[in-house]
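Encoded as C-alpha coordinates, the structure appears first; notes follow it.
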Amino acid sequence: MRRTVTLSALAAVLAATAAGSALAVGSTSKPESPRTSAAEHARQQRGTLLDRVPERGVLRVCTTGDYRPFSHRDPKSGAYTGIDIKMAGDLAESLDAKPAFVPTTWAELVDDLAAGRCDVGMGGVSVTLARARKASFSEPYLTDGKTPIVRCEDKDRYRTLEDIDQPGVRVVVNPGGTNEEFARAHVKRATLTVHPDNTTIFDEIIAGRADVMMTDASETRYQSAIHPELCAVHPDEPFSFSEKAYALPRGDAQFKEYVDQWVHLATHDGTYEKYEDEWMKR
(Lines give C-alpha, C1' and ligand atoms only; values in the text may rest on other atoms or scores of the structure.)
Protein backbone atom coordinates (compact mmCIF):
# COMPACT_ATOMS: atom_id res chain seq x y z
CA MET A 1 0.00 0.00 0.00
CA ARG A 2 2.82 2.46 0.99
CA ARG A 3 4.72 1.53 -2.23
CA THR A 4 1.64 2.35 -4.36
CA VAL A 5 1.21 5.74 -2.65
CA THR A 6 4.90 6.57 -3.12
CA LEU A 7 4.83 5.71 -6.83
CA SER A 8 1.67 7.77 -7.28
CA ALA A 9 3.28 10.77 -5.56
CA LEU A 10 6.42 10.42 -7.66
CA ALA A 11 4.35 10.34 -10.85
CA ALA A 12 2.52 13.48 -9.76
CA VAL A 13 5.81 15.29 -9.07
CA LEU A 14 7.21 14.30 -12.48
CA ALA A 15 4.03 15.41 -14.23
CA ALA A 16 4.11 18.78 -12.46
CA THR A 17 7.77 19.24 -13.34
CA ALA A 18 7.15 18.47 -17.00
CA ALA A 19 4.24 20.88 -17.10
CA GLY A 20 6.36 23.60 -15.50
CA SER A 21 9.14 23.05 -18.03
CA ALA A 22 6.70 23.25 -20.90
CA LEU A 23 5.26 26.49 -19.45
CA ALA A 24 8.71 28.02 -19.11
CA VAL A 25 9.62 27.14 -22.68
CA GLY A 26 6.30 28.47 -23.93
CA SER A 27 6.80 31.85 -22.22
CA THR A 28 10.04 32.51 -24.07
CA SER A 29 9.55 30.89 -27.44
CA LYS A 30 5.83 30.64 -28.02
CA PRO A 31 5.18 31.09 -31.75
CA GLU A 32 3.03 34.08 -32.68
CA SER A 33 -0.48 33.11 -33.73
CA PRO A 34 -1.76 34.28 -37.11
CA ARG A 35 -4.32 36.48 -35.36
CA THR A 36 -1.65 38.22 -33.22
CA SER A 37 0.54 38.76 -36.26
CA ALA A 38 -2.29 40.40 -38.18
CA ALA A 39 -3.13 42.65 -35.23
CA GLU A 40 0.48 43.74 -34.91
CA HIS A 41 0.67 44.40 -38.63
CA ALA A 42 -2.45 46.56 -38.42
CA ARG A 43 -0.96 48.49 -35.49
CA GLN A 44 2.18 49.19 -37.49
CA GLN A 45 0.15 50.34 -40.47
CA ARG A 46 -1.74 52.81 -38.27
CA GLY A 47 1.65 54.33 -37.47
CA THR A 48 1.80 55.95 -40.91
CA LEU A 49 0.34 59.40 -41.55
CA LEU A 50 -1.39 57.86 -44.54
CA ASP A 51 -3.79 56.35 -41.99
CA ARG A 52 -3.53 58.84 -39.11
CA VAL A 53 -4.43 61.93 -41.14
CA PRO A 54 -7.78 60.49 -42.39
CA GLU A 55 -8.51 59.17 -38.89
CA ARG A 56 -8.02 62.59 -37.27
CA GLY A 57 -9.54 64.47 -40.22
CA VAL A 58 -6.82 67.14 -40.14
CA LEU A 59 -3.63 67.61 -42.16
CA ARG A 60 -1.22 69.82 -40.18
CA VAL A 61 0.81 72.01 -42.54
CA CYS A 62 3.89 73.94 -41.41
CA THR A 63 4.27 77.11 -43.48
CA THR A 64 6.05 80.44 -43.06
CA GLY A 65 3.30 82.61 -44.54
CA ASP A 66 5.85 85.13 -45.83
CA TYR A 67 6.68 83.85 -49.30
CA ARG A 68 4.34 84.89 -52.06
CA PRO A 69 3.23 83.45 -54.42
CA PHE A 70 3.51 80.20 -52.45
CA SER A 71 2.36 81.06 -48.93
CA HIS A 72 1.11 84.36 -47.51
CA ARG A 73 -0.53 85.03 -44.15
CA ASP A 74 -2.64 88.15 -43.92
CA PRO A 75 -1.42 90.06 -40.83
CA LYS A 76 -4.92 91.34 -40.05
CA SER A 77 -7.14 88.32 -40.61
CA GLY A 78 -4.54 85.57 -40.16
CA ALA A 79 -5.86 83.89 -43.30
CA TYR A 80 -3.44 82.02 -45.56
CA THR A 81 -3.35 82.29 -49.35
CA GLY A 82 -0.94 81.16 -52.06
CA ILE A 83 -0.18 78.42 -54.55
CA ASP A 84 0.95 75.93 -51.91
CA ILE A 85 -1.94 76.86 -49.63
CA LYS A 86 -4.28 75.76 -52.41
CA MET A 87 -2.14 72.65 -52.92
CA ALA A 88 -2.34 71.92 -49.19
CA GLY A 89 -6.12 72.03 -49.39
CA ASP A 90 -6.04 69.68 -52.36
CA LEU A 91 -3.75 67.22 -50.56
CA ALA A 92 -5.90 67.33 -47.42
CA GLU A 93 -9.07 66.73 -49.42
CA SER A 94 -7.49 63.70 -51.08
CA LEU A 95 -6.96 62.30 -47.56
CA ASP A 96 -10.53 63.05 -46.40
CA ALA A 97 -9.18 65.79 -44.16
CA LYS A 98 -9.01 69.57 -43.78
CA PRO A 99 -5.78 71.59 -43.68
CA ALA A 100 -4.65 73.25 -40.44
CA PHE A 101 -1.77 75.69 -40.92
CA VAL A 102 1.00 75.75 -38.33
CA PRO A 103 3.06 78.99 -38.32
CA THR A 104 6.82 78.49 -38.54
CA THR A 105 9.95 80.27 -39.76
CA TRP A 106 12.53 79.33 -42.38
CA ALA A 107 15.08 78.60 -39.66
CA GLU A 108 12.67 76.32 -37.77
CA LEU A 109 10.57 74.65 -40.47
CA VAL A 110 12.31 71.26 -40.70
CA ASP A 111 12.86 71.15 -36.92
CA ASP A 112 9.14 71.69 -36.36
CA LEU A 113 8.41 68.91 -38.84
CA ALA A 114 10.93 66.54 -37.22
CA ALA A 115 9.44 67.27 -33.78
CA GLY A 116 5.99 66.19 -34.98
CA ARG A 117 4.36 69.62 -34.81
CA CYS A 118 3.07 69.15 -38.35
CA ASP A 119 2.65 66.46 -41.00
CA VAL A 120 4.10 68.30 -43.99
CA GLY A 121 6.06 71.48 -44.71
CA MET A 122 4.75 73.57 -47.62
CA GLY A 123 5.19 77.06 -49.01
CA GLY A 124 8.01 77.25 -51.57
CA VAL A 125 10.45 75.04 -49.67
CA SER A 126 13.73 74.50 -51.53
CA VAL A 127 15.40 71.10 -51.30
CA THR A 128 18.81 71.29 -49.63
CA LEU A 129 21.12 68.62 -48.27
CA ALA A 130 21.05 70.28 -44.83
CA ARG A 131 17.26 70.04 -44.74
CA ALA A 132 17.37 66.50 -46.14
CA ARG A 133 19.29 65.39 -43.03
CA LYS A 134 16.20 66.18 -40.94
CA ALA A 135 13.34 65.62 -43.38
CA SER A 136 12.36 63.68 -46.46
CA PHE A 137 11.19 65.47 -49.59
CA SER A 138 8.46 64.70 -52.05
CA GLU A 139 8.92 64.52 -55.78
CA PRO A 140 9.85 68.10 -56.85
CA TYR A 141 7.12 70.24 -58.34
CA LEU A 142 9.22 73.19 -59.55
CA THR A 143 12.77 73.88 -60.77
CA ASP A 144 14.15 77.19 -59.51
CA GLY A 145 17.34 79.10 -58.69
CA LYS A 146 18.66 82.35 -57.21
CA THR A 147 18.57 85.49 -59.36
CA PRO A 148 18.57 89.25 -58.66
CA ILE A 149 15.62 91.59 -58.38
CA VAL A 150 16.40 95.32 -58.61
CA ARG A 151 14.87 98.67 -59.46
CA CYS A 152 14.16 98.60 -63.18
CA GLU A 153 16.51 101.53 -63.78
CA ASP A 154 19.34 99.26 -62.52
CA LYS A 155 18.45 96.08 -64.42
CA ASP A 156 21.56 96.31 -66.62
CA ARG A 157 23.83 97.24 -63.71
CA TYR A 158 23.49 94.09 -61.58
CA ARG A 159 23.58 91.15 -63.95
CA THR A 160 26.42 89.05 -62.52
CA LEU A 161 27.61 88.11 -59.07
CA GLU A 162 30.70 90.20 -59.74
CA ASP A 163 28.51 93.22 -60.58
CA ILE A 164 26.64 92.77 -57.31
CA ASP A 165 29.55 92.04 -55.00
CA GLN A 166 31.15 95.48 -55.18
CA PRO A 167 31.84 98.05 -52.46
CA GLY A 168 28.92 100.44 -52.14
CA VAL A 169 26.30 97.97 -53.38
CA ARG A 170 23.60 97.34 -50.77
CA VAL A 171 22.29 93.76 -50.80
CA VAL A 172 19.27 92.90 -48.67
CA VAL A 173 18.19 89.40 -47.63
CA ASN A 174 15.60 87.70 -45.42
CA PRO A 175 16.87 85.53 -42.54
CA GLY A 176 17.11 81.81 -41.94
CA GLY A 177 16.63 80.28 -45.36
CA THR A 178 18.42 79.54 -48.59
CA ASN A 179 18.41 83.22 -49.62
CA GLU A 180 20.59 84.14 -46.66
CA GLU A 181 22.78 81.09 -47.20
CA PHE A 182 23.35 82.04 -50.85
CA ALA A 183 24.00 85.71 -50.07
CA ARG A 184 26.53 84.99 -47.33
CA ALA A 185 28.37 82.59 -49.62
CA HIS A 186 28.70 85.12 -52.44
CA VAL A 187 28.64 88.61 -50.93
CA LYS A 188 32.05 89.53 -49.54
CA ARG A 189 32.63 93.17 -50.55
CA ALA A 190 29.12 94.58 -50.91
CA THR A 191 27.11 95.56 -47.83
CA LEU A 192 24.76 92.78 -46.74
CA THR A 193 21.75 93.66 -44.58
CA VAL A 194 19.36 91.12 -43.10
CA HIS A 195 15.79 92.41 -43.18
CA PRO A 196 13.58 90.52 -40.70
CA ASP A 197 10.28 90.67 -42.61
CA ASN A 198 10.15 88.92 -45.96
CA THR A 199 6.74 90.46 -46.71
CA THR A 200 8.15 94.02 -46.73
CA ILE A 201 11.69 93.37 -47.93
CA PHE A 202 10.99 94.45 -51.52
CA ASP A 203 9.83 97.85 -50.26
CA GLU A 204 13.44 98.40 -49.15
CA ILE A 205 14.56 98.28 -52.79
CA ILE A 206 11.67 100.40 -54.06
CA ALA A 207 12.39 103.04 -51.40
CA GLY A 208 16.08 103.14 -52.32
CA ARG A 209 17.31 101.77 -48.99
CA ALA A 210 18.73 98.68 -50.73
CA ASP A 211 19.82 97.93 -54.28
CA VAL A 212 19.57 94.18 -54.82
CA MET A 213 17.93 91.10 -53.43
CA MET A 214 18.83 87.63 -54.66
CA THR A 215 15.99 85.17 -54.29
CA ASP A 216 14.28 82.39 -56.21
CA ALA A 217 13.43 83.24 -59.81
CA SER A 218 9.79 82.31 -59.14
CA GLU A 219 9.58 85.00 -56.46
CA THR A 220 11.31 87.64 -58.60
CA ARG A 221 8.80 87.02 -61.38
CA TYR A 222 5.89 87.45 -59.00
CA GLN A 223 7.26 90.52 -57.24
CA SER A 224 8.13 92.26 -60.52
CA ALA A 225 4.59 91.54 -61.73
CA ILE A 226 2.98 93.27 -58.75
CA HIS A 227 5.62 96.02 -58.41
CA PRO A 228 6.22 97.76 -61.76
CA GLU A 229 9.22 99.55 -60.21
CA LEU A 230 11.05 96.24 -59.84
CA CYS A 231 12.59 94.02 -62.51
CA ALA A 232 13.65 90.38 -62.30
CA VAL A 233 17.14 89.99 -63.79
CA HIS A 234 17.50 86.98 -66.14
CA PRO A 235 15.06 84.73 -64.19
CA ASP A 236 15.33 82.12 -66.92
CA GLU A 237 19.08 81.85 -66.31
CA PRO A 238 19.51 81.94 -62.52
CA PHE A 239 22.85 81.84 -60.71
CA SER A 240 22.05 78.49 -59.09
CA PHE A 241 19.96 75.36 -59.45
CA SER A 242 17.35 74.27 -56.94
CA GLU A 243 14.07 72.41 -56.75
CA LYS A 244 10.98 73.03 -54.68
CA ALA A 245 9.23 70.12 -53.01
CA TYR A 246 7.18 69.32 -49.92
CA ALA A 247 9.01 68.45 -46.71
CA LEU A 248 7.87 65.20 -45.09
CA PRO A 249 8.76 63.31 -41.89
CA ARG A 250 11.65 60.90 -42.18
CA GLY A 251 10.87 57.20 -41.93
CA ASP A 252 7.26 57.23 -43.14
CA ALA A 253 7.64 55.52 -46.50
CA GLN A 254 3.92 54.93 -47.03
CA PHE A 255 3.05 58.61 -46.62
CA LYS A 256 5.95 59.73 -48.83
CA GLU A 257 4.91 57.33 -51.59
CA TYR A 258 1.37 58.72 -51.44
CA VAL A 259 2.49 62.36 -51.54
CA ASP A 260 4.89 61.58 -54.41
CA GLN A 261 2.02 60.11 -56.42
CA TRP A 262 -0.22 63.07 -55.57
CA VAL A 263 2.48 65.57 -56.68
CA HIS A 264 3.06 63.63 -59.89
CA LEU A 265 -0.63 63.73 -60.75
CA ALA A 266 -1.10 67.39 -59.73
CA THR A 267 1.81 68.53 -61.90
CA HIS A 268 0.56 66.60 -64.93
CA ASP A 269 -3.24 66.97 -64.78
CA GLY A 270 -3.30 70.79 -64.64
CA THR A 271 -3.99 71.15 -60.90
CA TYR A 272 -0.72 72.88 -60.00
CA GLU A 273 -0.74 74.95 -63.21
CA LYS A 274 -4.24 76.22 -62.39
CA TYR A 275 -3.22 77.41 -58.91
CA GLU A 276 -0.02 78.95 -60.28
CA ASP A 277 -1.89 80.86 -62.96
CA GLU A 278 -4.29 82.28 -60.39
CA TRP A 279 -1.33 84.00 -58.71
CA MET A 280 1.10 84.76 -61.52
CA LYS A 281 -1.58 86.46 -63.64
CA ARG A 282 -2.64 88.89 -60.89
Side-chain angles (χ1 to χ4, degrees), residues 64 66-72 82-84 106 109 122-131 137 140-245 267 272-273 275-277 279-282:
T64 62
D66 66 351
Y67 188 16
R68 291 181 289 186
F70 300 101
S71 171
H72 175 67
I83 297 170
D84 278 347
W106 289 110
L109 190 149
M122 305 179 74
V125 183
S126 296
V127 180
T128 69
L129 292 178
R131 287 172 175 165
F137 281 95
Y141 63 89
L142 182 67
T143 299
D144 220 338
K146 304 301 179 190
T147 202
I149 184 168
V150 302
R151 290 181 295 278
C152 288
E153 62 202 63
D154 294 330
K155 64 181 180 180
D156 295 324
R157 183 178 177 184
Y158 301 117
R159 299 192 63 82
T160 69
L161 285 170
E162 185 178 2
D163 293 339
I164 294 168
D165 191 24
Q166 295 292 333
V169 178
R170 299 164 300 171
V171 179
V172 67
V173 69
N174 60 307
T178 57
N179 286 343
E180 183 178 12
E181 180 183 343
F182 184 84
R184 292 197 181 281
H186 294 91
V187 175
K188 305 301 180 183
R189 293 176 291 176
T191 300
L192 180 63
T193 301
V194 177
H195 186 76
D197 184 2
N198 199 41
T199 61
T200 61
I201 195 168
F202 299 95
D203 295 335
E204 297 298 295
I205 304 173
I206 294 171
R209 292 186 291 269
D211 301 312
V212 183
M213 180 182 180
M214 292 180 288
T215 184
D216 293 323
S218 54
E219 186 174 33
T220 67
R221 289 189 182 98
Y222 175 76
Q223 290 295 334
S224 63
I226 65 173
H227 296 296
E229 310 94 322
L230 298 178
C231 282
V233 181
H234 52 66
D236 294 328
E237 299 178 353
F239 294 142
S240 64
F241 168 83
S242 67
E243 293 178 318
K244 295 195 182 302
T267 53
Y272 181 84
E273 184 179 7
Y275 298 150
E276 184 180 46
D277 286 348
W279 274 80
M280 299 308 289
K281 292 180 179 179
R282 292 186 178 194

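Bear in mind the structure is a predicted one, so any value in this text is a computation, not a measurement.
Applying the disulfide (SG to SG under 2.5 Å) test to pairs two or more places apart or on separate chains, none has a residue in residues 172-212. For residues 172-222, no residue pair satisfies the disulfide (SG to SG under 2.5 Å) rule, not counting sequence neighbours.
Side-chain atoms of E180 come within 3.5 Å of backbone atoms of G176 as a donor-acceptor pair (strictly under, hydrogens ignored). Not a single donor-acceptor pair under 3.5 Å links the side chain of K146 to the backbone N or O of F239. In this structure a side-chain-to-backbone donor-acceptor pair under 3.5 Å is present from D165 to R189. R68 contributes no side-chain N or O that, together with a main-chain N or O of Y222, makes up a donor-acceptor pair within less than 3.5 Å. Using a distance-only test at 3.5 Å, with no hydrogens or angles considered, no donor-acceptor pair links the side chain of H227 to the main chain of L230.
Summarising the geometry, atom OH belonging to Y272 is positioned 9.5 Å from atom OG1 belonging to T267; distances are rounded to the nearest 0.5 Å. Here the CE-OG1 distance, from M122 to T64, works out to 12.5 Å after rounding to the nearest 0.5 Å. Of the inter-residue distances, the one linking N179 atom CG with M213 atom CE reads 4.5 Å to the nearest 0.5 angstrom. Remark: E229 CD to Q223 CD distance equals 11.0 Å, nearest 0.5 Å. Between the OH atom of Y158 and the CG atom of D163 there is a distance of 9.0 Å, given to the nearest 0.5 Å. Taking OG1 from T128 and CD from E181, the interatomic distance works out to 6.5 Å, rounded to the nearest 0.5 Å.
The minimum heavy-atom distance linking P175 with V194 is given by the pair CB-CG1, 3.6 Å. Heavy atoms only, all atoms of each residue included: D211 and I205 are closest at O-CG2, 3.8 Å. Shown here for F137 and V127, the closest heavy-atom pair between the two residues is CD2-CG2, 3.8 Å. Of all heavy-atom pairs spanning S71 and G123, the tightest one is CB-CA, 3.8 Å. Residues V125 and Y141 come closest through the heavy atom pair N-OH, 4.4 Å. When all heavy atoms of S242 and G145 are compared, the closest pair comes out as OG-N, 3.6 Å.
Annotation: side chain of S218 is in contact with side chain of Y67 (closest heavy-atom distance under 4.5 Å). Side chains of D236 and R221 form a contact here, defined as non-hydrogen atoms less than 4.5 Å apart. A heavy-atom distance below 4.5 Å is found between the side chains of L161 and M214. The closest side-chain heavy-atom distance from V150 to R157 is not below 4.5 Å. For the pair R184 and V173, the minimum side-chain heavy-atom distance is 4.5 Å or more. Looking only at side-chain heavy atoms (C-beta outward), P148 and H234 come within less than 4.5 Å of each other.
The salt bridge (Lys or Arg N to Asp or Glu O under 4.0 Å) test applied to E204 returns R209, not counting sequence neighbours. A search for salt bridge (Lys or Arg N to Asp or Glu O under 4.0 Å) contacts involving D84 returns nothing, not counting sequence neighbours. Among residues two or more places apart in sequence or in another chain, the side chain to side chain contact (heavy atoms under 4.5 Å, CB included) test is passed with T220 by T147, I149, T215, A217, A232, P235. Under the rule for a side chain to side chain donor-acceptor pair (under 3.5 Å), the partners of D154 that lie at least two apart in sequence or sit in another chain are R151.
In this model, a donor atom of one side chain and an acceptor atom of the other lie less than 3.5 Å apart for H195 and T200.
Within a 6.0 Å sphere centred on CD of E153, heavy atoms belonging to other residues, nucleotides or ligands number more than 12. Environment of CD in E273: sparse, with no more than 12 heavy atoms of neighbouring residues, nucleotides or ligands closer than 6.0 Å.
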T178 and R131: CA distance, side-chain angles, deciding distance, side chain to side chain contact (heavy atoms under 4.5 Å, CB included) verdict:
CA-CA 10 Å; T178 57; R131 287 172 175 165; 3.8 Å; yes

What do the steps show when you test W106 against D66 for side chain to side chain contact (heavy atoms under 4.5 Å, CB included), and what is the final call?
CA-CA 10 Å; W106 289 110; D66 66 351; 3.1 Å; yes

Please walk me through it: do E219 and F202 pass side chain to side chain contact (heavy atoms under 4.5 Å, CB included)?
CA-CA 11 Å; E219 186 174 33; F202 299 95; 3.6 Å; yes

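Using a cut-off of 4.0 Å between Lys/Arg side-chain N and Asp/Glu carboxylate O, D216 and K244 are scored as salt-bridged.
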